[in-house]
Amino acid sequence: MGYQTILVERRSAVELVTMNRPEVRNAQNTQLLNELDDALHTADGDPDVNVIVVAGAGPHFSAGHDLKAYVGEAPSDEWHEMRKTPEGKFEHERTMYFEKSLAIRDLTKPTIAMVQGKCIAGGLMVACMCDLIVAADDAVFQNPVLRMTGAGVEALVEIADLSPRRAKEFLWTGDEVGAAEALRLGLVNRVVPRDRLEAETISLAERIAKMPPVTVQSVKRSINHAQDLAGFRNALEYHFMVHQFQHNTKTSLDALAERKQKGSMKEVFRDRDADFGK
């Protein structure tokens, strides 16, 4: 398949899949999500690939979902047209956001997110659905969706990677978490200098790739299964429904109307923070 929004490169037994929309901080539009999903499943089915690395081109890993089509600032597609009804919005977010995120976690082979710069909301979903995260020392993690009146994101990854108290603070404030703090909280596996990020991540991937593949994959299934027995997947399903309810509250609908009158979400945040004296 010829990709337009991602790059794919083979490094011995490691497949490097890179989101390639650096001009918009790798914001995830429909095409990118479809191409990323296809590339990851193709690599997962390739017997010559033992480990998959997910990256973002340019200064940032990913600024999250591309919202421009939602507010009329970019051409709409069939998925965005579906969002004109609650049931269409539900189907769009379940298929494109929730299920494609879980599909990353469910890949047979081990995955490593290679994160630099901003890793926000939908970008955080992609990174945290990978098995490991290697972060550059300039990496910043954030889920500011509550400030936009949404209930976090479709797949609330924080429930697995942070303690309940820290997850609540992270989500309720929308504050940024730097790489060093993310390491302390257990959100990432390693923090490395920015200029060493690719070399260190590929080195880790190659080390894992030398392990017996069937053994690595069996252990991955076992650990994921233990998480699911503890309620992880059920918790994600519950939150997805909460997220859908929140979309259709008066608070969220009013916020969407407000956003359409503003030039950007930064403008909305600026005005709202001024009201609260921040």
Side-chain angles (χ1 to χ4, degrees), residues 1 3 6-19 28 32-56 61-62 94-115 119 122-135 154-162 182-183 186-192 197-237:
M1 178 176 179
Y3 298 123
I6 66 169
L7 303 171
V8 178
E9 182 181 354
R10 180 70 52 82
R11 306 279 187 92
S12 61
V14 176
E15 189 89 329
L16 176 59
V17 180
T18 303
M19 295 177 284
Q28 303 161 11
L32 185 146
L33 289 169
N34 280 329
E35 291 185 356
L36 181 64
D37 183 72
D38 183 83
L40 293 177
H41 281 91
T42 298
D44 202 46
D46 189 332
D48 294 326
V49 174
N50 291 346
V51 178
I52 304 168
V53 173
V54 180
F61 179 76
S62 175
R94 171 165 283 281
T95 301
M96 294 302 296
Y97 299 155
F98 186 75
E99 291 181 352
K100 287 193 186 305
S101 291
L102 278 175
I104 297 173
R105 179 177 182 264
D106 292 340
L107 292 170
T108 302
K109 295 171 182 177
T111 55
I112 305 175
M114 184 170 74
V115 177
C119 182
L124 190 64
M125 285 168 57
V126 169
C128 288
M129 285 296 174
C130 292
D131 298 305
L132 306 178
I133 300 177
V134 178
E154 291 77 15
L156 198 68
V157 292
E158 289 85 354
I159 60 175
D161 293 323
L162 300 175
L183 179 64
L187 185 62
V188 305
N189 295 85
R190 301 182 181 190
V191 175
V192 301
L197 177 62
E198 183 172 330
E200 295 288 345
T201 305
I202 296 300
S203 176
L204 175 62
E206 290 176 340
R207 182 178 176 186
I208 296 170
K210 292 176 182 177
M211 298 286 284
V214 67
T215 308
V216 173
Q217 293 167 26
S218 293
V219 170
K220 172 175 176 170
R221 279 192 294 269
S222 185
I223 293 174
N224 284 3
H225 183 60
Q227 279 189 302
D228 292 341
L229 288 176
F232 178 62
R233 192 172 292 259
N234 285 339
L236 290 181
E237 288 280 357

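All values derive from a computational prediction rather than experimental measurement. Start at 1 with the first residue, then count along the sequence.
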For a quick test of your reading: what N or O donor-acceptor pairs under 3.5 Å do the side chains of residues 200-207 make, sequence neighbours left out?
unit_1	atom_1	unit_2	atom_2	d
Glu200	OE2	Arg196	NH2	3.3
Thr201	OG1	Leu197	O	2.7

Legend entry - Results of side chain to side chain donor-acceptor pair (under 3.5 Å) for His225 - residues two or more places apart only: none

Inset, instruction - Ignoring hydrogens and angles, tell me if any N or O in the side chain of Ser222 forms a donor-acceptor pair with the backbone of Ser218 under 3.5 Å. - result: no

Inset, instruction - Check Ile159 against Ala235 and note the closest heavy-atom contact, atom names and distance. - result: CD1-CB, 3.5 Å

Inset, instruction - Nearest 0.5 Å please: distance from the CZ atom of Phe61 over to the CG atom of Leu124. - result: 9.0 Å

Inset, instruction - Evaluate side-chain contact (heavy atoms from CB on, under 4.5 Å) for Asn50 paired with Ser12, printing each intermediate quantity in order. - result: CA-CA 9 Å; Asn50 291 346; Ser12 61; over 6 Å; no

Inset, instruction - Side-chain contact test, heavy atoms from C-beta onward, threshold under 4.5 Å: evaluate it for Leu187 versus Glu158 and give yes or no. - result: no

Legend entry - Pairwise distance OH(Tyr3) to CG(Asp38) - rounded to 0.5 angstrom: 3.5 Å

Inset, instruction - In sequence, state the C-alpha distance, the side-chain angles, and the governing distance for Val54 and Cys130, and then conclude on side-chain contact (heavy atoms from CB on, under 4.5 Å). - result: CA-CA 8 Å; Val54 180; Cys130 292; 4.0 Å; yes

Legend entry - Among Val53, Val51, Ile208, side-chain contact (heavy atoms from CB on, under 4.5 Å) partner for Leu132: Ile208

Legend entry - Pairs flagged by salt bridge (charged side-chain N to carboxylate O under 4.0 Å, His left out) wherever residues 98-111 is involved - sequence neighbours left out: Asp37-Lys100, Arg94-Glu99, Arg105-Asp228, Asp106-Arg233

Legend entry - Minimum heavy-atom distance Met129-Ser101, with the two atoms named: CG-O, 3.3 Å

Inset, instruction - Check the pair Val134 / Met114 against side-chain contact (heavy atoms from CB on, under 4.5 Å), numbers first and verdict last. - result: CA-CA 5 Å; Val134 178; Met114 184 170 74; 5.6 Å; no

Legend entry - Euclidean distance, Asn224 CG relative to Asp131 CG, rounded to 0.5 Å: 6.5 Å

Inset, instruction - Kindly indicate whether the side chain of Val157, heavy atoms from C-beta on, has any atom under 4.5 Å from the side chain of Leu236. - result: no

Legend entry - From CG (Leu33) to CE (Met96), nearest 0.5 Å: 5.0 Å

Legend entry - Straight-line distance of Tyr97 OH to Glu154 CD, nearest 0.5 Å: 6.5 Å

Legend entry - Considering all heavy atoms, the nearest Asn189-Leu183 contact: O-CD1, 3.5 Å

Legend entry - Inter-residue atom distance Glu15.CD - Thr42.OG1, 0.5 Å rounding: 8.5 Å

Inset, instruction - For Gln28 and Ser62, work out which heavy atoms get closest and say how close. - result: NE2-OG, 3.1 Å

Legend entry - Among Val126, Asp44, Val17, Ile52, the one residue meeting side-chain contact (heavy atoms from CB on, under 4.5 Å) with Thr111: Ile52

Inset, instruction - Please name the pair of heavy atoms, one in Ala39 and one in Val8, separated by the smallest distance, quoted to 0.1 Å. - result: CB-CG2, 4.1 Å

Inset, instruction - Return the minimal non-hydrogen interatomic distance between Ala155 and Met125, and the atom names on each side. - result: O-CG, 3.7 Å

Legend entry - Side chains of Arg190 and Ile133 in contact at under 4.5 Å (non-hydrogen atoms): no

